[in-house]
Amino acid sequence: MPDAKVKLAFELNSEPVEVAFAPHKTLLEVLREDLGLTGTKHGCELGECGTCTVLVDGKPVLSCLVLGLACAGHRVKTVEGMAGGGSLHPLQDAFAELGAAQCGYCTPAFLLAAEALLGETARPTRDEIKQALSGNLCRCTGYLKIYEAVELAAARLRGEDAKPAPESLYGVR
Amino acid sequence: MASGKKAAVTQPAAVGRSDGQLRVVGKAIRKVDATAKVTGATRFADDLFLPRMLYAKLLRSPHPHARITGIETSKAQALPGVKAVLTGRDLPIPFGILPVSQDEHALAIDKVRFVGDPVAGIAAASEEIATAALDLIDVRYESLRPITDAEDAITHPEPRIHDYGDGGNLHKLVNLEFGDVAEGFAEADLVREDLLFFEGSTHLPMEQHAAVADWSPLPDGKLTLWSSTQTPHYVHRALAKVLELAPAKIRVVATPNGGGFGGKSDPFSHEIVVAKLAMLTGRPVKITLTREEVFYCHRGRHPTLMWVKTGVKRDGAITAMHFKSLLDGGGYGSYGVASTYYTGALQTVTYDVPRYKFQGARAFTNKPPCGPKRGHGTPQPRFALEVHLDKIAEQLEMDPAELRLKHLVPPNSLTANWLKIGSMGLGECIRRVIDGSGWRQKFRKLPPGQGIGLACSSYITGAGLPIYWNPLPHSGVQLKCDRGGGVTVFCGSTEIGQGSDSILAVLVAEILGLDPFDVAVVTGDTDLTPVDLGSYSSRVTLMTGNACIQAAERARDAIASHAARQLEVPVARVAFADRRVFDLEDPTHGLAFADAVQLAEAAQGTIGTVGSYTPAPSPGRYRGAGVGPSPAYSYSACVALVDVDPASGIVRVPRVWIAHDVGRSINATTVMGQIEGSVYMGLGEALMEEMAYRGNRNVVHKIPSLLEYKSPTTLEMCDVVTYVVQDPDPNGPFGAKECGQGPLLPVPPAVANAVYDAVGVRVDEVPITPEKVFKALRRKEKGEPARYGPATFPEIAWPEPTRVPTPWEGGDGRAVEGGGRRATEAARRP
Amino acid sequence: MLRLPSFTYLQPNTLALALRMKADAGPEGTYVAGGTDLYPNMKRRQQEPRTVISLMTIPELAGCGIRDGGCAVGPCVTLTDLCAHPAIRQHYDTVAHAAELVSTPLLRNMGTLGGNLCLDTRCNYYDQTYEWRKAIDFCMKKDGHICWVAPSSPRCWAVSSSDVAPVMVALGAEFRLVGPNGERIVPAARLYANDGINYLTKQPDEILAEVRLPPADGWDAVYHKLRRRGSFDFPVLGVAAWLKWDGRRVAAARVVLGGVASRPQEVVEAGAALTGTDLSDEAIGAATEAAYRPAKPLDNTDFDLSWRKQMTRVYVKAALEELRARRR
C-alpha cells in the first residue's frame with residue numbers, strides 16, 4: 001500500500017531542501033511530517049479555513065491543496081522562515097504585542113497572508129486588509145487585533161515609529 | 001433599594017508590600033507564550049511526533065439510534081500495518097464528566113446513539129492504513145426509531161435512548177420556586193409572556209482535537225497522554241476509571257489548545273482509545289480528529305426553547321418572573337444537568353427579581369451531545385430575557401436603557417435564588433454604551449432599515465462548586481524561586497488561548513517586583529503541577545489568580561524577613577519592585593531580588609511555596625443550589641447597530657459598542673482580546689451559526705464542515721467599540737472578575753432588538769437569518785403579527801416544585817416542605 | 001487529517017502529451033489544473049482517479065491576450081491573475097468581478113478559470129466524506145442509486161456552482177476543446193447539460209484549451225452573487241445579465257442564472273422581455289417575473305429553498321437596475 005517515495009528539491013525558507021515522500025502527499029503533509037516544520041497548521045484539509053496557508057513564490061496558497069510534487073523548483077515560505085537574525089519579523093512582533101495571536105493556531109496562516117499583502121501594498125487600507133485576510137478563519141480574536149497588528153507592522157516596515165493606539169490596548173476610556 | 005448605585009470600591013484582596021502602586025497589573029503586557037505562537041514554535045497535540053508512533057482512527061456509527069448485534073473485526077486485524085483493533089467490550093467501564101451522568105463508553109457496546117458515535121478503534125502504521133481498515137470492520141445494527149429533537153423526545157418516551165433520567169427520553173427535570181410568583185403576578189400592572197428559541201451552535205476551534213498516548217512498559221506501567229484538553233484533571237480521573245489504572249500511573253499533559261470555548265472540556269472517547277491502544281501495542285499512538293469528527297464531539301450550545309412570563313409595575317419594576325426552558329441535549333449527558341440549571345440560574349443577577357420560578361427540562365435526542373459552549377447555558381435565557389424586556393419597555397413606553405438602569409440588582413446583596421452578588425458594574429456599563437453609541441439620538445429615530453438595540457448580561461467568575469463533590473481546593477499553585485532571580489510557577493491550569501499562563505506570570509511579577517518575563521510558567525501537567533480544575537466556567541483568573549497570589553505572598557514574606565535583617569529595617573518596610581528588594585522609606589537602600597533570594601535560601605533552604613484557593617460556600621442550600629453560585633459576577637452591556645435590507649431580509653451589523661465590568665483588568669491585552677472575541681462569537685450565533693441536522697435522513701449532521709457551518713469571516717465581523725469597566729470585587733485577585741464569556745451574552749439579543757428597531761419585526765429566534773426576517777416582513781405586510789419565532793411550549797409533566805423562601809421572606813437558603821408561602825408580607829426585597 | 005488516496009501524478013508540458021497520458025490512463029485518469037475542486041473531492045472519495053494529469057505545466061494553456069478584437073484566455077490562468085489582467089479589467093470587468101467573487105483570495109491564487117468553468121456540480125448530500133455518505137447509503141452521483149434531493153427523480157440534481165460560467169454564457173463566450181480526435185469550438189452554453197452527473201458535454205478526455213471572449217463593444221454585463229458570507233461561499237444564486245444597446249433601446253439581452261440548476265440556466269423569456277425596451281421599471285419587472293418562474297432551487301445548498309427562489313426576483317431586479325444605471 002505505501003507508495004515508493006519520490007524525491008523533491010525546492011527552496012524552503014530561502015534554503016534549498018531535498019525531501020523524499022509518498023507522491024500523493026500534499027505540501028502540508030510534507031512540511032509537517034517529512035520536514036518536521038509543524039508551524040504550518042491545518043483545520044479542515046479541504047481548503048475551507050485557510051489555516052494551512054504558506055507562501056509559494058510569494059503568493060499565499062492553501063498547502064492542504066498543493067501537491068508536494070507540484071512544488072519542484074518553487075520557492076516555499078512557512079512561518080518558520082519569518083523571523084530572521086534572532087529577531088521577530090515586524091508582523092510577528094506586532095501580533096505578539098497586540099494579542100492578535102490568542103490560541104495561536106491560525107496565527108502562522110494570518111502572518112503569511114499578511115506578509116504577502118504588505119509585499120504588494122505598503123500602506124493597506126482597513127478594507128484591503130479585510131479582503132486580503134478574508135480566506136483565513138479565526139475563532140478567537142474577532143480579527144480586530146489582527147487588523148491593528150497588520151497596520152502597526154506596516155507602519156513600522158515603512159520606517160515609522162508607530163505605537164499601538166491606547167484604545168486598542170485599553171478600550172475607550 | 002435597587003437604585004443601580006455603584007458598589008463601593010473595595011480594597012484589592014491582595015496588595016503588594018510596596019508603595020501601593022500597581023506596576024504590572026492592569027498594563028498591556030504581551031503574553032508569555034506570544035513569541036512561541038507567532039513563530040509557530042508552540043507544540044499543539046498534533047505537532048507531537050514520537051518515535052515508532054502509530055496512528056489511530058475511530059469507526060463511527062452510520063445510524064442515529066441502533067442496537068449493535070455484532071461486530072466482526074478479523075478482516076481489519078489482518079490488514080498489513082494494522083497493529084490493534086478495539087471495540088466496546090475492551091473498554092466496558094462507563095464515564096462522563098458529571099458523576100450523575102456516567103453514560104458514555106469509549107466505544108459503544110450495545111447501542112449507538114447518534115451518527116458519529118464511536119464504535120471501534122484502530123491503531124496502524126499510518127493514518128492511511130488505519131482509515132482503510134475502518135471499512136473492513138463489519139458492524140451489524142438493528143435500527144431503532146431515532147428521536148430527532150426535544151419535542152420529539154417528549155412525544156416519544158420510547159424507545160428510550162438511555163435507561164436513566166427523569167422518565168422516557170427526558171434526561172433532567174428541574175422545578176424551583178423562590179417566593180410566590182402567583183402573588184407577584186397579581187401585584188403587577190403588566191404581565192407579559194414570550195416564547196423564544198435559541199438554536200444550537202458549536203465551538204468550532206480551529207484546532208481539531210488531537211491526543212497522543214505513550215505507555216512505559218511494565219513494570220513501570222505508566223501511561224502518558226498529551227491532549228488538547230481544557231480539563232486535564234478530569235481526563236486524568238476518567239482514564240484512571242476506565243483503564244483501571246492507579247492515578248499515580250497516569251500523567252496527563254494538556255497541550256496548548258488551539259481554541260477551546262468549552263469544546264474540549266469533557267473527557268473524550270478518542271483520548272481513552274489512544275491510551276488503551278498504546279497500552280496494547282506498547283507504542284505511542286496518535287489520533288487527530290477530522291473536522292467532521294470535531295462536529296461529532298460537539299458538546300456545544302443546547303438548542304433551547306424558552307417561555308418567559310414577567311410581571312412589572314408601571315415603572316418597570318419586576319414583581320415576579322417565571323421561566324421555562326426545554327433543552328435538546330443530544331445523545332449523552334455531558335455537562336447537561338448543569339447546563340439545564342444554568343438556563344435558569346442567572347436571570348436574577350442583573351435586575352431585581354423578587355420572586356422567581358424556574359422550570360427546566362433536558363431531553364435526550366439522537367444527535368451529538370450538547371454541553372458547555374462559551375456562556376454555558378446562559379446565552380439562551382439571556383437572549384430570551386433581554387428581548388422580552390425590550391418588548392416590556394415598549395409596552396410601558398419606557399426607554400429600554402432607563403428601564404434597566406432603574407431596576408438593577410443591588411451590589412453586595414442576595415438574589416431571590418440565594419446567589420451572592422459582590423461588585424456590580426452594570427449601571428456603569430449601560431451608561432458607557434448608551435453615551436458612546438449615541439443611543440438617545442438613535443433609538444427609534446434611525447431611517448428605515450437601520451436600527452439600534454440594547455441588551456445586558458452577567459456571568460459567573462468560576463463555578464462555586466467543583467464538578468465532583470470534594471472538599472479540596474479548586475486551584476493549587478507551587479512557586480519556586482531560583483537563586484539567579486528567576487521564579488517558576490506551577491499550576492494545573494490550561495492555556496487555551498485566553499492567556500491563563502500570562503495571568504500567573506503577571507501576578508507573580510506584581511507581588512515579587514519582577515518583570516513577567518522573569519517568571520517561567522509550567523501548566524496543565526498532572527505530574528508536574530498541582531491540581532487546577534480546568535479552563536472552564538471563566539474560573540481561571542480568579543481561582544488560579546488567588547492561589548498564585550497566596551503562593552507569591554508566602555515567598556515574598558520569606559524573602560522579606562531575611563532581607564529585613566540584612567537591610568536592618570522592620571519587615572513591614574520591605575518592598576519589592578524593579579527586581580529589587582528595598583526599604584520603602586528609602587528606596588535606594590536595598591538589594592537585588594536575586595541576592596535577596598540567596599539570603600533567604602542560605603538561611604532556610606530552597607525557597608518554594610504553595611498557594612491554593614477554595615471558593616467560600618454559597619448561602620443557597622436547596623437541591624439545585626450548586627449551579628449559579630460564583631465568587632463574583634461580571635457584567636456587560638451591549639448596543640448593536642444593524643442594517644436590514646427589507647427586500648431580502650439580510651442583516652448586517654456594522655458596529656457594536658460593548659462595555660464589560662471586569663472588576664480589575666489584570667492584563668489589558670488579554671482583556672481586550674477576550675471581549676472582542678466574545679463579541680465575534682456572539683455575532684456568529686446571532687446571525688448565522690447553526691448545528692443543522694437532517695431529521696428525515698437518518699438525523700445526519702447536515703453540514704459538518706468549515707465551509708457549510710457558517711462562521712463569520714473578516715467581511716462579516718463588525719467594528720467593536722470596547723469599554724473596560726472596573727468595579728473591583730473583594731473575591732477577585734486585585735478585584736478581577738471574568739471577561740472571557742460574559743461579553744458574548746448580550747450580543748444576540750442586542751442584534752435582535754436592533755432588527756426590531758430597524759424594520760419593526762421580531763425575530764424571536766437565533767440565528768436571525770435572512771429567511772426569518774423576510775418571513776416576518778411578509779407577515780407584517782399582510783397585517784399578521786410581525787414576528788418569526790416559536791408558537792408553543794409543549795406540556796411537560798413537571799415534578800412538584802422545590803419551594804425555597806427568598807432571603808427577604810426570612811428563608812435560610814433551604815427548601816421548605818410543601819407550601820413555602822410564609823412571610824408573604826415581606827415578599828419584596830427590604 | 002483528511003488525506004489524498006494514492007495516485008500517479010503526471011506533469012506533461014504539451015497538450016499532445018497530456019492527451020496521450022489520458023489515453024494511457026483510460027477512465028481512471030483525470031486532468032487537474034489548480035486542484036481546489038478535485039483534491040477536496042478526492043479526499044472525500046467523491047472522485048478516485050488513479051492517474052492525475054496536471055495541466056498547469058502546459059505553457060499554451062496559460063496566458064491571456066486580445067485577439068481578433070476579442071480576448072483569448074488560457075484556462076490555466078489563475079483566478080487571481082485573471083482578475084488582475086489589464087485587458088480583462090478594462091474590457092471585461094464583469095468577468096473580473098465574477099472571478100473575484102469566487103471563494104477566497106488564497107483559493108483564487110490556486111484555482112483557475114478553466115477549473116471554475118468545469119467545477120463539479122455541488123450538493124450537500126454529495127460534498128461530504130465517504131463516512132458521511134455511507135450514513136445516508138450514498139447517492140446516485142457517487143456509490144449510490146438515489147437522488148436524496150428528489151428521491152423519485154431519475155436524475156441527479158446537484159447544482160452548478162460556478163460564478164464565472166453564468167457570465168460566460170451570458171456574454172456568448174466560446175470554448176475551444178481539444179481531444180484525441182482534434183479540436184472543436186462550442187458556445188459556452190453548449191458546454192453545460194442540466195444533469196448533476198453529466199453536467200459537461202466535454203468528453204472526459206477532452207481538454208478545455210481556450211476561452212474566447214467576444215469583442216468588447218456595444219454590450220454591457222453585470223454579475224450579482226448571493227451567498228451567506230462575503231468569502232468562502234459558493235453562490236446559492238448567481239445572476240449574469242448581458243445586453244446590447246441600440247441607442248437608448250435594448251437590442252438584445254440575456255439573463256443567466258447560476259446556482260439554480262445543474263447548469264447555468266439562461267432564461268430566454270427574461271431576455272425577450274427586455275429586448276426593445278429602454279429598461280423601464282415595467283420591462284425590468286417583466287424580466288424579473290420571467291426569471292422567477294423557472295428558477296427551481298432545491299434543498300441541497302445553503303439557505304432555505306423558498307427564500308432562494310424569492311431572491312431570484314430581488315437579485316435579477318438589482319442586476320438589471322445596475323445595467324440601467326451603468327448606461328448613464
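All figures in this text were calculated on a predicted structure; none of them were measured in a lab. Here is how names work: the chains are called A, B, and so on, in the same order as the sequence lines, proteins then strands, and each is numbered from 1.
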Practice item. With the side chain counted from C-beta on, respond yes when B:L706 and C:F232 share a heavy-atom pair under 4.5 Å apart, and no when they do not. Key: no
Practice item. Below 4.5 Å from any heavy atom of chain C, which atoms of B:F295 appear? Answer side chain, backbone, both or neither. Key: neither
Practice item. Determine the option with the most heavy-atom pairs under 4.5 angstrom with chain C, choosing from B:T713, B:L687, B:N698. Key: B:T713
Point to revise | Proximity breakdown for B:P770 and chain C, heavy-atom pairs closer than 4.5 Å | key: both
Check your understanding: Ignoring hydrogens and geometry, is there a side-chain-to-backbone donor-acceptor pair from C:R229 to B:L715 under 3.5 Å?
Key -> no
Point to revise | Side chains of C:Q128 and B:P704 in contact at under 4.5 Å (non-hydrogen atoms) | key: yes
Review point. Are B:L59 and C:E131 side-chain neighbours, meaning at least one heavy-atom pair lies under 4.5 Å?
Key: no
Review point. Chain B heavy atoms under 4.5 Å from C:M1: which part of the residue, side chain, backbone, both or neither?
Key: both
Point to revise | C:D137, part contacting chain B, at a heavy-atom distance under 4.5 Å | key: neither
Point to revise | Largest heavy-atom contact set with chain C, pairs under 4.5 Å, which of B:E127, B:H63, B:K57 | key: B:E127
Review point. Under a 4.5 Å heavy-atom cutoff, which of C:L226, C:D127, C:I136, C:D299 has the most pairs with chain B?
Key: C:D299
Revision key, fill the gap. Correct closest heavy-atom pair for B:D135 and C:Y130 would be OD2-OH, 2.7 Å
Practice item. Nearest 0.5 Å please: distance from the CZ atom of C:R44 over to the OG1 atom of B:T290. Key: 12.0 Å
Review point. Between C:N300 and B:R694, which heavy-atom pair has the shortest distance, and what is it?
Key: CA-NH2, 4.4 Å
Exercise for review: Answer yes or no: are there more than 12 heavy-atom neighbours, outside C:K317 itself, under 6.0 Å from its atom NZ?
Suggested key: no
Review point. With a 4.5 angstrom heavy-atom cut-off, which part of B:R652 approaches chain C: side chain, backbone, both or neither?
Key: neither
Practice item. Mind listing the closest non-hydrogen atom pair of B:T769 and C:R228 along with its distance? Key: CG2-NH1, 3.5 Å
Review point. Any donor and acceptor pair, going by atom type alone, linking the side chain of C:W307 with main-chain N or O of B:S648 inside 3.5 Å?
Key: yes
Review point. Which answer fits C:P151, side chain, backbone, both or neither, if we ask what part of it has an atom under 4.5 Å from a heavy atom of chain B?
Key: side chain
Practice item. Among C:T104, C:D233, C:T301, single out the residue with the greatest number of heavy-atom pairs under 4.5 Å to chain B. Key: C:D233
Review point. How close do C:A135 and B:P62 get, heavy atom to heavy atom, and via which atoms?
Key: CB-O, 3.4 Å
Point to revise | chain B contacts, top residue of C:F303, C:Y125, C:Y315 (heavy-atom pairs, under 4.5 Å) | key: C:Y125
Review point. With no hydrogens and no angle check, is any side-chain donor or acceptor of C:W132 less than 3.5 Å from a backbone partner on B:I703?
Key: no
Check your understanding: Is the count of non-hydrogen atoms from other residues, nucleotides or ligands lying under 6.0 Å from C:R313 atom CZ greater than 12?
Key -> yes
**Study point:** Option in B:I650, B:L134, B:T714 with maximal non-hydrogen atom pairs under 4.5 Å from chain C
**Key:** B:I650
Review point. So which of B:E708, B:K775, B:R60, B:K702 has the biggest tally of heavy-atom pairs under 4.5 Å with chain C?
Key: B:K702
Practice item. For each of B:L707, B:V115, B:D645, tally heavy-atom pairs with chain C at distances under 4.5 Å, and name the one with the top tally. Key: B:L707
Exercise for review: Return the minimal non-hydrogen interatomic distance between B:A647 and C:V314, and the atom names on each side.
Suggested key: O-CG2, 3.6 Å
**Study point:** Atom pair CD (B:E771) and CE (C:M311), whose distance is rounded to the nearest 0.5 Å
**Key:** 9.0 Å
Review point. When you look at C:L2 and B:E292, which way does the side chain to side chain contact (heavy atoms under 4.5 Å, CB included) test go after all the steps?
Key: CA-CA 10 Å; C:L2 281 178; B:E292 181 179 343; over 6 Å; no
